[in-house]
Protein chains: 2
Amino acid sequence: MSVYTQVAPEEIQPLLDAHGLGQCQSLKGIAAGIENSNYFLSTTKGEYVLTLFERADPEALPCYLKLMAAAAHDGIPCPDPVTPLTTLAGRPAVIITRLSGGTVDAPTPEQSFQTGAWLARLHLALAAPELGRGLPPSHDRALVRERFERNLDKAKVHAEWGGLVPLWQGWVERFMTIPAGLPGGVIHGDLFTDNVLFDGGRLSGLIDFYYACSDAWVLDLAITMNAWPHAEAVAEGYRSVRALHETEEAALHPCRIFAALRFMISRLDDALNPREGEMVQIKDPLEYHRKVANLLGESAGL
Amino acid sequence: MSVYTQVAPEEIQPLLDAHGLGQCQSLKGIAAGIENSNYFLSTTKGEYVLTLFERADPEALPCYLKLMAAAAHDGIPCPDPVTPLTTLAGRPAVIITRLSGGTVDAPTPEQSFQTGAWLARLHLALAAPELGRGLPPSHDRALVRERFERNLDKAKVHAEWGGLVPLWQGWVERFMTIPAGLPGGVIHGDLFTDNVLFDGGRLSGLIDFYYACSDAWVLDLAITMNAWPHAEAVAEGYRSVRALHETEEAALHPCRIFAALRFMISRLDDALNPREGEMVQIKDPLEYHRKVANLLGESAGL
């Protein structure tokens, strides 16, 4: 979000000149987005988005940009870098193409279906193994478990969540793995509703590739199903493009439980350890607690 | 969003002192929210939210704060002002109570039901006619129509939307009214999913009263149904607390069409007339075009 770093139009003109992107006509902060600062950039040559990276691992940034370029080249509606990674206002920065459309508040089943279908196309577009090199392991089972254990003492004495900790420990013991050997490659990893743009009825953008990693494709489908209001429509859309292997069908439910736990744990960690001076996104950590309980057919214990 | 106005902890200490709110311990920008700057404020006395108003009509601000105080007093989970309206960093400002919980990405039918139920309780809590005095008419039929007509020339030549303009003109002609004489009072007017907090399963907050106005209650229900993924669950929740009068049941569908048109028009206006230097929220203007078409059982023409 643009709160982090303010940029003036005159600061970006040298970058535009260096890449033949015309004269800057306007630069407007974009309210969406928490991790990075984003601006809509209009120039005499076209419409772009300028991103300044605030927290991303600088080693991984070129890998993310390579992913977007490869997906865009393959016809996926996603941002396409039009400059190499550079530095602006002291931050790693890049200019990417601007997509049409916007996010929707209440996706329809049909929009959920389209999201699943494009997720499958994205997986196929990014199947080359070399695209996965250098990406951080953002869904690593051991790291998720460690993140949970690091917060146990704080969570136990929390007024509202303390009573749930024994339940969570049981869940982590039972569901912190998913089957090995599932087909996979690069996954988006964060295809929440605010990372998908629609232009009228048509899906016009998959954005925010900064949690991409190498993992099982069905895990990405599970993450997306958990995040959208019509989970089954997401899965149908996915299957309409890429049939799930028998082992993937069997792994889908365990993957949804693992994915729900993983997001529950990251939200708990964020809520219990707010970083001073940073912007806070208000997201209910217990939303994913309830998803686990629902997937298990258990009472949520709330 | 805090991008607008930065405040340092030492700037707010005099305000805390004046109202016995203790010593400031931390102040963190909140990423949610587009119109205003919001901070989580922790003091030795408790947890609060500091809001700096960036665009709101200064005449109406005391009215909004009175609404929140009245609703909170009546047991509605909503922000309760703990200071009078003051000035901070050159902006109108107020400190309010902090609610627990957070927004959810993909509300369940049950959460949609709860939202409808609390909307009905809010209507009953704010039924006193004097609470409506001084609120701007944010759903005024004539103003919505005027806003549409002001944008007609720009919309007609727009590459993607130009072809839809004749359809919109027909819709505005036919659906820009709702029946008169419906029961009403103060309505929230903007109960989108990002204005409702959940703490686990329980609805823990209705926030952002800055589009409240005096209007038909069923219009507020219609706005909320349009904005949530399970519209019928919202209506059932509402009816579980307050039965709809026969005239309201009959008006519900026309109200949904009017409300969808109203939000389509405000998003078009925002998209066609971005204000220089302001943060832009990316919301698909055509989302509400499709809602109108769906409510009419018409093809969306996209």
Side-chain angles (χ1 to χ4, degrees), chain A residues 1-4 6 26-34 37 39-40 100-109 111 160-161 164 192-194 197-202 204 226-231 267 271 274-287 289-291 294 300-302, chain B residues 1-4 6 26-34 37 39-40 100-109 111 160-161 164 192-194 197-202 204 226-231 267 271 274-287 289-291 294 300-302:
Chain A
M1 218 174 37
S2 304
V3 71
Y4 298 117
Q6 302 287 348
S26 81
L27 194 62
K28 294 192 180 70
I30 303 177
I34 301 304
S37 301
Y39 291 85
F40 286 137
S100 69
T103 58
V104 298
D105 300 312
T108 61
Q111 287 170 325
E160 292 163 53
W161 309 331
L164 298 171
F192 282 61
T193 55
D194 48 358
L197 308 181
F198 290 92
D199 191 350
R202 190 178 51 85
S204 60
N226 285 349
W228 284 70
H230 308 98
R267 288 186 181 189
R275 277 158 286 213
E276 199 60 44
E278 287 212 353
M279 298 292 286
V280 183
Q281 174 76 302
I282 321 169
K283 291 267 189 190
D284 185 9
L286 300 186
E287 179 181 12
H289 164 96
R290 279 168 55 88
K291 286 189 203 273
N294 287 339
L302 292 170
Chain B
M1 216 175 35
S2 304
V3 72
Y4 298 117
Q6 301 287 348
S26 82
L27 193 63
K28 292 192 184 67
I30 304 178
I34 302 304
S37 301
Y39 290 85
F40 286 138
S100 69
T103 57
V104 298
D105 301 312
T108 61
Q111 288 169 325
E160 291 164 52
W161 309 332
L164 298 170
F192 281 60
T193 55
D194 49 357
L197 307 183
F198 290 92
D199 191 350
R202 190 178 52 84
S204 60
N226 285 350
W228 285 69
H230 309 97
R267 288 185 181 190
R275 277 159 286 214
E276 199 62 43
E278 287 212 353
M279 297 292 285
V280 182
Q281 175 75 302
I282 322 169
K283 291 266 190 191
D284 185 8
L286 300 187
E287 179 180 11
H289 164 96
R290 278 167 57 87
K291 287 190 203 272
N294 286 339
L302 292 169

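All of these numbers come straight from a predicted model, not from anything done at the bench. Letters A, B, ... are given to chains in the order of the sequence lines, protein chains preceding strands, and every chain is numbered from 1. Computation of the quantities below employed the complete heavy-atom set of this structure, encompassing side-chain atoms and omitting hydrogens, waters and symmetry-equivalent molecules.
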Participant: Flag the one option from P109(B), G101(B), P107(B), A227(B) with the top tally of heavy-atom pairs under 4.5 Å to chain A.
Facilitator: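 Of the candidates given, the most pairs with chain A belong to A227(B).
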
Participant: Please rank K283(A), E160(A), H289(A) by heavy-atom pairs under 4.5 Å with chain B and give me the top one.
Facilitator: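 Option with the greatest count: K283(A).
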
Participant: Taking all atoms of both residues into account, what is the closest heavy-atom pair of W228(B) and A106(A), and its distance?
Facilitator: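 Closest approach of W228(B) to A106(A), heavy atoms only: C-CB, 3.7 Å.
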
Participant: Could you tell me which portion of T108(A) (side chain, backbone, both or neither) has an atom closer than 4.5 angstrom to a non-hydrogen atom of chain B?
Facilitator: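 Answer is side chain: those atoms of T108(A) sit under 4.5 Å from chain B.
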
Participant: Pick one of side chain, backbone, both or neither for F40(A), based on which atoms fall under 4.5 Å of a heavy atom in chain B.
Facilitator: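 When you check distances to chain B, only side chain atoms of F40(A) fall under 4.5 Å.
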
Participant: If only atom types and distance count, is the side chain of Q111(B) paired as donor or acceptor with the main-chain N or O of V104(B) below 3.5 Å?
Facilitator: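 The answer is no, because no donor-acceptor pair under 3.5 Å joins these two groups.
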
Participant: Would you mind checking which part of R267(A) comes under 4.5 Å of any heavy atom in chain B, side chain (CB onward), backbone (N, CA, C, O), both or neither?
Facilitator: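 The answer is the side chain of R267(A).
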
Participant: Using 0.5 Å steps for rounding, measure from the CG atom of D284(B) to the CZ atom of F198(A).
Facilitator: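 So the gap between those two atoms works out to 9.0 Å.
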
Participant: Is there a donor-acceptor pair closer than 3.5 Å between any side-chain N or O of S204(B) and the backbone N or O of S100(B)?
Facilitator: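 Side chain of S204(B) to backbone of S100(B): a pair is present.
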
Participant: Mind checking the CG-CG spacing from D194(A) to D105(B)? Nearest 0.5 Å is all I need.
Facilitator: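 The distance works out to 6.5 Å.
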
Participant: If you count heavy-atom pairs within less than 4.5 Å of chain A, which of D199(B), L164(B), T193(B), N294(B) leads?
Facilitator: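 That would be D199(B).
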
